[in-house]
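Nothing fancy with the numbering, it's 1 onward along the sequence.
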Amino acid sequence: MHAPFSGQSQAEGSYTPDCFAPSSPDESLVRVLADSARWRCDLSAASLVPDRTVIRIPLDPDGAVPRYFSSVAIVAGDIVVALVDKDSRILAEKRVTPAEILAAPLGNRFLIPLPETTRNSEAVIVAFDYPINPSLFLRSHLLDKNPINEPGSIRFMLLVAIVCGLLAMPIAYNIAFYPVLKERFVLWHVILSFALLAQCLLSSGIAMHFIDLSVEQLFRGLVISFGIAVAAMCAFTEAFIEPGKLNPVLRKMMRWVPLWMISVALGHAFFPTVLRAIQVKLYYAAFIPVLVLLLISLINGLYRGSRSAELKLIGLTPFFAMGGIRLVTMLFPGFSPEEAMPMLYVAIVVEGAVATLGVAHRLMNIKRQRDDALAETRIFEDLAERDPLTGLLNRRAIERNFEQLRAEGFRACALIDLDYFKSINDSYGHAKGDEVLRSVAGALREDEDTLAIRMGGEEFMLLLRGSDARNRAEARRQAITRHVAIDVVGLDRPVTASMGLLEMAERGPQNVTFETLYARVDRLLYDAKAGGRNRTIGEKMVVFSARGKDRRTLRRAA
């Protein structure tokens, strides 16, 4: 008995289904073929409710002999392929499990070799046990040759390989920059790029050129990588939008998206038949609140003046378009399920390029902000090491850098104290005394080989390097009287200074601390004051050899 199948023209070497019938896994194909009442020839009406759906693919007796059955790699149950003659008798039958079906290295598809087809074969019958996606029926066809080596397939692979290369670049870029800046959005962008790279390699079939994957493994890989991509996309967007540029409630909600998307992806990948008849719709419906939240967050960021939100909206526009196509075609009757894979590759390229530019822009801004902060910190540190009255370095600055200064050749130290300075404050007031101190700072002018320090009160220090350190220190001490006389009006007495000077030879002792040096030169200053003031008492610390032993001595000069 013949089932009432409608004929249809086939493309050369390719055959597509024309009718389907609901069934159950334990029902024989012979019985299904014999029951013409259950066959329908509108494939868009095929349902996921039956536990088995059988499709018929008619053959052209004058056309090419088909060798493979192919469909999308969304399989949860066994597939039975049978050859049928014109009397609806089964000539050959073949059953394969999802674990036995290898994914083809071209697109998100699989190939099953057909039993040997003869001229008596009128049709190929394919039964899907526990189907989980209507695309299985709508995208099934027979092929007369393996399409992997076709020129069009090779060009497609080259284009996808370029897309994969573009995805690999930001991964390397972000991994290189993360140790320097340690920004959370950099890590999320790495995860996003890896997930999109996996999606690209799996969906295009490039991965299957290197490893054998069953359709079950491919299905899980595609679902999980896509879930991670969406999760990372939201987390990256939340972290990428500048602080203060996103509503706190939206930011908090966005941080929960990764947990939600990973849960949805894992549930659908490993348990696709729990709610089989409606699970695909539930799976795609789970993306709706995520896309809405992501779009609202980007709009909110734009409203608040976020440059990052503007870049993300540009980069994600193709993803929104692809997501809209998938959702509409998967959720609403009357549309043929559409994965929009070409648009996925376009979206990956656009998002990758814009996101990389955005990350580079943010990294430069962050670097500039940190450089500014470091510069400001240095300014404050400099202020902390400067005397606010005279502008000279203070004791703290010298104590912190003494070892380095010694290593740089500053081996002469002069301690200067103004003579009878207390009487100036008592007679003229502290304001006049401050004028004197500022004038003294001008007299003790710093240069490349001379550092001037205010130790406190009317006490100053000079650190000098070079062979004529003593003469330069003495010239500055004597200049104090002249500077103050010119700068400070109203004084009826000259201002003089006493100085203690200690010079260390280049081969002098290396374990001298600042405290030791200060104590020694303070003693010399005391001697200068005790000797009548307005003078310098100096010593040289030298090392010489006598009887094979090094001895230290002090040579004093007034």
Side-chain angles (χ1 to χ4, degrees), residues 43-51 53 72-77 108 128 130-139 192 195-196 198-199 202-203 216 218-238 249-250 252-300 313 316-341 343-344 347-348 351:
L43 283 175
S44 63
S47 170
L48 296 177
V49 174
D51 290 339
T53 296
V72 292
I74 311 175
V75 178
N108 179 22
F128 300 97
Y130 307 105
I132 58 175
N133 193 308
S135 295
L136 275 172
F137 325 134
L138 299 172
R139 297 188 183 180
L192 171 60
L196 291 176
Q199 184 76 191
L202 292 172
S203 65
E216 187 175 57
L218 177 59
F219 168 70
R220 289 175 179 172
L222 285 169
V223 172
I224 292 173
S225 63
F226 190 73
I228 292 175
V230 175
M233 191 179 297
C234 293
F236 169 64
T237 301
E238 179 273 321
V249 175
L250 291 174
K252 189 173 183 179
M253 292 173 66
M254 289 278 281
R255 289 177 178 174
W256 284 99
V257 168
L259 180 61
W260 166 251
M261 285 313 311
I262 297 299
S263 300
V264 169
L266 291 176
H268 188 56
F270 289 96
F271 308 99
T273 60
V274 174
L275 300 169
R276 186 177 54 80
I278 59 172
Q279 185 155 324
V280 170
K281 292 184 180 296
L282 291 177
Y283 170 68
Y284 281 98
F287 287 88
I288 294 177
V290 175
L291 293 178
V292 171
L293 177 61
L294 182 57
L295 183 58
I296 291 175
S297 297
L298 291 174
I299 293 173
N300 181 257
L313 186 59
L316 292 179
T317 297
F319 273 105
F320 284 124
M322 182 198 70
I325 292 172
R326 281 193 179 184
L327 289 173
V328 170
T329 58
M330 293 291 181
L331 294 178
F332 296 97
F335 291 95
S336 175
E338 177 58 60
E339 295 288 336
M341 294 309 296
M343 187 168 288
L344 172 64
I348 287 174
E351 198 283 334

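Of the possible donor and acceptor atoms, none in the side chain of Gln199 sits under 3.5 Å from a partner among the backbone N and O of Ala229.
A search for side chain to side chain contact (heavy atoms under 4.5 Å, CB included) contacts involving Thr317 returns nothing, not counting sequence neighbours. Tyr130 meets the ring-ring contact (aromatic ring centres under 6.0 Å, His included) test with no other residue; sequence neighbours excluded. Not counting sequence neighbours, the partners of Ser263 by the side chain to side chain contact (heavy atoms under 4.5 Å, CB included) test are Leu259. The ring-ring contact (aromatic ring centres under 6.0 Å, His included) check on Phe236 picks up His189, Phe240, with sequence neighbours excluded. The ring-ring contact (aromatic ring centres under 6.0 Å, His included) search around Phe287 returns Phe226, Tyr283, not counting sequence neighbours.
Atom CG of Leu250 sits about 7.0 Å away from atom CD1 of Ile296, to the nearest 0.5 Å. Taking CD1 of Ile228 as the reference point, atom CE of Met261 lies at 10.5 Å (rounded to 0.5 Å). Residue Asn133 holds its CG atom at 8.0 Å from CZ of Phe219, rounded to the nearest 0.5 Å. Atom CG of residue Leu48 and atom OG1 of residue Thr53 lie 7.0 Å apart, to the nearest 0.5 angstrom. Remark: Phe320 CZ to Leu294 CG distance equals 4.0 Å, nearest 0.5 Å. From Phe319, atom CZ reaches atom CE of Met233 across 4.0 Å, with rounding to the nearest 0.5 Å.
The shortest non-hydrogen separation linking Phe137 to Ala46 is CD1-CB, 3.4 Å. The shortest heavy-atom contact between Ala235 and Pro258 is CB-CG, 3.9 Å. Heavy-atom minimum distance, Gln279 versus Pro272: NE2-CA, 3.0 Å. Counting all heavy atoms, side chain and backbone alike, Ala265 lies closest to Gly227 at CB-CA, 3.9 Å. Smallest separation of non-hydrogen atoms from Gly221 and Leu202: C-CD1, 3.6 Å. Nearest approach of Leu222 to Ser203, heavy atoms of both residues: CD2-N, 3.6 Å.
Side-chain contact check for Cys234 versus Leu293: every heavy-atom pair is 4.5 Å or farther apart. A 4.5 Å side-chain heavy-atom check between Ile299 and Leu313 finds every atom pair outside the cut-off.
Under the side chain to side chain donor-acceptor pair (under 3.5 Å) criterion, the residue pairs touching residues 226-238 are Arg184-Glu238, Glu238-Arg251, Glu238-Arg255, with sequence neighbours excluded.
Leu291 pairs with exactly one of Leu316, Leu327, Val230 by the side-chain contact (heavy atoms from CB on, under 4.5 Å) rule, that one being Leu327.
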